[in-house]
Amino acid sequence: MSSDVRFTDFKSDKQPTWCPGCGDFGTMNGMMKALANTGNDPDNTFVVAGIGCSGKIGTYMHSYAMHGVHGRALPVGAGVKMANPDLEVMVAGGDGDGYSIGAGHFVHAVRRNVDMTYVVMDNRIYGLTKGQASPTSREDFQTSTTPEGPKQPPVNPMALALAAGATFIAQSFSSDAMRHAEIVQEAIEHDGFGFVNVFSPCVTFNDVDTYDYFRDNLVDLGDDDDHDRYDFDAAKDKILDASKEYQGVIYQNENSVPYEEQHGLDSNMADIPEGAPDDAMDLVREFY
Amino acid sequence: MPADFNWAIGGEAGDGIDSTGKIFAQALSRAGRHVFTSKDFASRIRGGYTAYKVRTSVDQVQSVVDRLDVLIALTPRTIDENLDELREGSVIVYDGERTTMQGVEIPEGMVGLNVPLQSIAEEKGGAIMRNVVALGAACAVANFPIEHLDSSLEKRFGGKGQAIVDNNRKAARAGRDYVNENFDHEFDYDLETTDNDYVLLNGDEAIGMGAIAAGCRFYAGYPITPATDVMEYLTGRIEQYGGHVVQAEDELAAINLALGGARAGARAMTATSGPGIDLMTETFGLIATSETPLVIVDVMRSGPSTGMPTKQEQGDLNQMVYGGHGEIPRFTLAPTTVAECFHKTVEAFNLAEKYQTPVYLAADLAMAVTEQTFAPEEFDMDAVEIDRGKVVDDDTISEWQNEKGQFKPHALTDDGVSPRSFPGTTGGAHMSTGLEHDELGRRTEDTDMRVEQVDKRNRKVETAKEREPWAYREFGDTDSGNLVISWGSNEGAMVEAIEFLEEDGVDVRFISVPYIFPRPDLSEVINDADDVIVVECNNTGQFADILEHDALTRVKRVNKYNGVRFKADELAEEIKETLSQEITA
């Protein structure tokens with residue numbers, strides 16, 4: 001780890017193919033800034049992503065990275081961290097990736113509480129398949145596959161996380177660059193699973209959840225001296241309040257003990273002997 | 001044939017059948033006798049017929065046979081279920097005082113020993129020891145010194161306190177004494193003991209042991225019969241070597257966790273059975289394309305779908321050789337004995353890392369849950385070699401960087417194998433993806449690079465075909481024109497079937513193949529033979545199809561798919577009959 005790492009060191013020389021104006025640019029920049037600010041460098045960082053627009057992030061960043069299958073980035077990230085706890089692990093996904101096909105993994109990743117950061121680029125639509133409803137789409141949001149709207153209430157990812165025992169829940173807005181980077185940084189610094197749902201507008205297919213909409217409706221909890229992030233009930237009230245969109249750290253558990261610590265994982269499992277362990281015949285003798 | 005002794009205990013699931021059988025098997029093993037066990041069990045926790053069978057001899061035993069000498073029947077159904085295997089003179093130990101056993105008729109020609117198991121157990125400290133009383137009774141019948149039970153009772157009950165152990169020892173002796181005092185029948189069994197030193201274990205345990213020996217430190221799995229024993233074995237043991245077992249939320253997560261562990265540089269593994277393999281197949285393609293070394297164990301059971309979870313089959317071969325969309329280079333190994341489960345697991349890890357591919361280890365239920373005795377030297381830990389393949393470090397990485405200092409994890413090499421940098425290696429940061437990619441690991445749709453990467457990945461298989469032995473095991477008369485080929489756990493039954501066939505004047509050459517893909521080239525031996533029979537536990541003859549394709553000729557097939565493994569004597573009959581048949585299209 002070196003102290004002179006700049007956020008641009010996490011940038012690859014591949015030009016993103018995201019649509020001009022896509023919220024994912026800002027989301028990714030904030031992630032890179034947060035990684036640099038927390039003293040990480042590309043060679044000790046592992047970024048995992050799934051499928052969709054969000055899944056491209058590993059290509060545009062420079063670090064050790066895995067581009068997985070749809071919805072299953074979280075278990076890959078957990079596996080990386082368990083096998084080498086020295087690595088800084090960040091998982092990125094989209095709302096479809098994380099809350100639809102990967103919803104099961106999301107709930108279990110939250111309760112497993114591996115010390116990693118999960119950033120969801122939530123644009124409330126399927127972008128890469130050209131504009132179908134996502135699990136966070138509004139009930140009446142008309143798309144090519146839901147001409148009358150999904151007619152199902154959207155998933156509340158923060159409520160899911162809270163119910164599953166999350167130790168860190170935050171929300172940010174990709175366009176509010178400084179705040180977004182700051183919030184991701186807090187998630188990295190959290191001891192445990194740091195979950196950040198990022199409003200990352202899709203300028204091509206979503207004309208409802210736009211930059212203007214979030215600018216007009218976002219309430220920053222950082223400005224609210226009354227919000228105590230360590231107060232579960234206060235967090236619950238904010239999370240279940242469907243009338244507002246919040247930004248900031250909504251909940252943090254002060255007593256969070258990461259999975260690796262609970263299970264005594266502190267070594268790099270890549271380091272193994274050149275042959276069987278010295279006492280391996282004991283394994284055989286056990287069957288006597 | 002070795003003078004062997006066949007014993008079983010049967011009752012309802014929950015009656016402690018499994019642990020009682022294990023106690024007896026262990027006692028025999030510690031008395032220097034060879035043991036081969038098998039289980040009949042249903043897919044339920046309590047109730048339903050279940051049995052634990054033990055075949056023992058001073059010589060090695062490698063299969064089950066169609067015969068029972070002594071049966072401990074805790075329920076009337078136990079007798080019905082085993083009628084085919086009971087013979088004239090077979091002894092049935094039962095408790096006629098038990099309500100369920102009252103009025104039970106012992107089939108003609110067999111010897112019924114009505115032993116009040118429950119009453120004796122109650123006298124010695126508790127009805128729960130009923131089975132141990134029965135074990136004592138069996139010792140009397142078999143003329144097996146009861147002292148040999150003591151250490152396995154200690155192993156089983158030692159954790160519950162010395163008093164419990166002592167009570168069980170007394171219960172066993174009371175069972176023995178009851179038989180000796182109340183029956184004047186002459187039993188001509190004599191289970192002699194030897195000074196030989198054996199260990200007793202099953203295939204799942206051997207796979208887990210092989211994994212630890214091979215340096216596997218990360219295991220992720222989801223419980224499924226009959227693969228769960230692998231996970232249970234590793235849990236609590238792998239930690240002693242700095243490893244970790246994680247129970248995932250499903251098979252999809254399990255293989256992705258394992259993939260993460262492998263990408264971080266750990267030797268990683270997952271084990272499952274057919275339905276789990278289906279779920280994992282999505283990620284299997286990613287593992288191959290990203291060139292991640294991973295060992296995936298498929299302990300096969302009867303399929304398709306949920307099939308018969310507690311029954312034997314070798315029906316997943318096609319899935320392991322062809323499964324997944326697109327074309328995927330992979331290795332598929334199939335251990336042929338419990339001991340081979342250990343060796344092939346070690347080999348699987350080396351192949352996975354040397355060639356940076358997923359490796360299927362094809363075990364099956366018959367082998368996975370069957371305990372067998374082996375000389376401890378068969379698990380030679382000194383012989384375990386760990387080959388991590390082309391791993392680069394901080395000092396050597398520059399050889400594999402381009403002019404911009406970027407690492408090339410998918411460099412186009414002559415042997416198809418590219419360098420590997422573990423995360424943390426300076427200058428090695430790179431992308432791994434299931435998308436088609438260039439040498440740097442970045443997505444590409446360039447038509448030339450696509451072709452080059454596909455060829456590169458497949459070149460690994462060609463390289464491995466040249467460099468690795470792909471040996472097979474051979475038995476019987478190598479000059480015989482009657483060629484029998486099998487894969488997986490059929491080896492033991494077939495080896496013993498050869499002896500039955502010899503007695504009938506039929507000679508056979510038997511080849512047991514532990515590699516499915518790639519595999520040894522058998523086309524010459526097949527074409528040189530007069531008759532070729534492929535033996536496997538499935539309906540269609542999946543391996544036979546492959547061999548026909550290899551050798552461009554038709555082979556005969558012996559298939560069994562009723563859920564029960566081949567028995568040596570039954571297999572000999574099938575071979576004889578098949579040899580006399582013409583090949584039909």
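All figures in this text were calculated on a predicted structure; none of them were measured in a lab. All chains are named by letter (A, B, ...) in the order of the sequence lines, taking the proteins before the strands, and each is independently numbered beginning at 1.
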Between [X] and chain A, which part of the residue has a heavy atom less than 4.5 Å away: side chain, backbone, both or neither?
| X | value |
| --- | --- |
| Val246(B) | both |
| Thr373(B) | neither |
| Ile212(B) | both |
| Tyr233(B) | side chain |
| Ser290(B) | side chain |
| Phe379(B) | both |
| Ala214(B) | backbone |
| Asp382(B) | neither |

Pick from [options]: which one has the most heavy-atom pairs with chain B under 4.5 Å?
| options | answer |
| --- | --- |
| His62(A), Lys14(A), His263(A) | Lys14(A) |
| Gly58(A), Gly275(A), Ala83(A) | Gly275(A) |
| Asp266(A), Val47(A), Val89(A), Val80(A) | Val80(A) |
| Asp271(A), Asp279(A), Val107(A) | Asp279(A) |
| Val69(A), Asn84(A), Asp278(A) | Val69(A) |

For chain A, which of [options] has the most heavy-atom pairs under 4.5 Å?
| options | value |
| --- | --- |
| Glu371(B), Glu378(B), Glu239(B), Lys155(B) | Lys155(B) |
| Arg443(B), Glu385(B), Arg388(B) | Arg388(B) |
| Arg217(B), Met381(B), Glu249(B) | Glu249(B) |
| Tyr241(B), Phe407(B), Phe342(B) | Tyr241(B) |
| Glu282(B), Arg267(B), Met209(B), Arg263(B) | Glu282(B) |
| Gly261(B), Ala383(B), Ser152(B) | Gly261(B) |

Structural part of [X] lying under 4.5 Å from a heavy atom of chain B:
| X | result |
| --- | --- |
| Ser63(A) | backbone |
| Lys81(A) | neither |
| Leu87(A) | side chain |
| Tyr288(A) | both |
| Asp13(A) | both |

For a quick test of reading the model, state the closest non-hydrogen atom pair linking [X] to [Y] and the distance between them.
| X | Y | value |
| --- | --- | --- |
| Leu201(B) | Phe287(A) | CB-CD2, 3.5 Å |
| Ala270(A) | Ala264(B) | CB-O, 4.0 Å |
| Ser421(B) | Tyr64(A) | OG-OH, 3.3 Å |

Inter-residue atom distance [X].[atom1] - [Y].[atom2], 0.5 Å rounding:
| X | Y | atom1 | atom2 | answer |
| --- | --- | --- | --- | --- |
| Arg72(A) | Thr283(B) | CZ | OG1 | 6.5 Å |
| Leu435(B) | Ile51(A) | CG | CD1 | 6.5 Å |
| Met269(A) | Ile238(B) | CE | CD1 | 7.5 Å |

Would you find more than 12 non-hydrogen atoms of other residues, nucleotides or ligands less than 6.0 Å from [X] atom [atom1]?
| X | atom1 | result |
| --- | --- | --- |
| Tyr222(B) | OH | no |
| Glu189(A) | CD | yes |
| Glu274(A) | CD | no |

- Sole residue of Leu286(B), Leu259(B), Ile255(B), Leu257(B) in side-chain contact (heavy atoms from CB on, under 4.5 Å) with Val76(A):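 So, applying the side-chain contact (heavy atoms from CB on, under 4.5 Å) to Val76(A) and each of Leu286(B), Leu259(B), Ile255(B), Leu257(B), only Leu259(B) qualifies.
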- Task: Would you check if Ser12(A) and Met431(B) make a side-chain contact, meaning some heavy-atom pair closer than 4.5 Å?
- Result: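 In short, these two side chains do not touch, never coming nearer than 4.5 Å.
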- Message: Could you tell me if the side chain of His105(A) sits less than 4.5 Å from the side chain of Leu252(B), heavy atoms only?
- Response: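 Heavy-atom side-chain distance check passes, below 4.5 Å.
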- Begin with the C-alpha distance, continue with both residues' side-chain angles, and end with the deciding distance and a verdict on side chain to side chain contact (heavy atoms under 4.5 Å, CB included) for Val284(A) and Phe374(B). CA-CA 10 Å; Val284(A) 182; Phe374(B) 294 92; over 6 Å; no
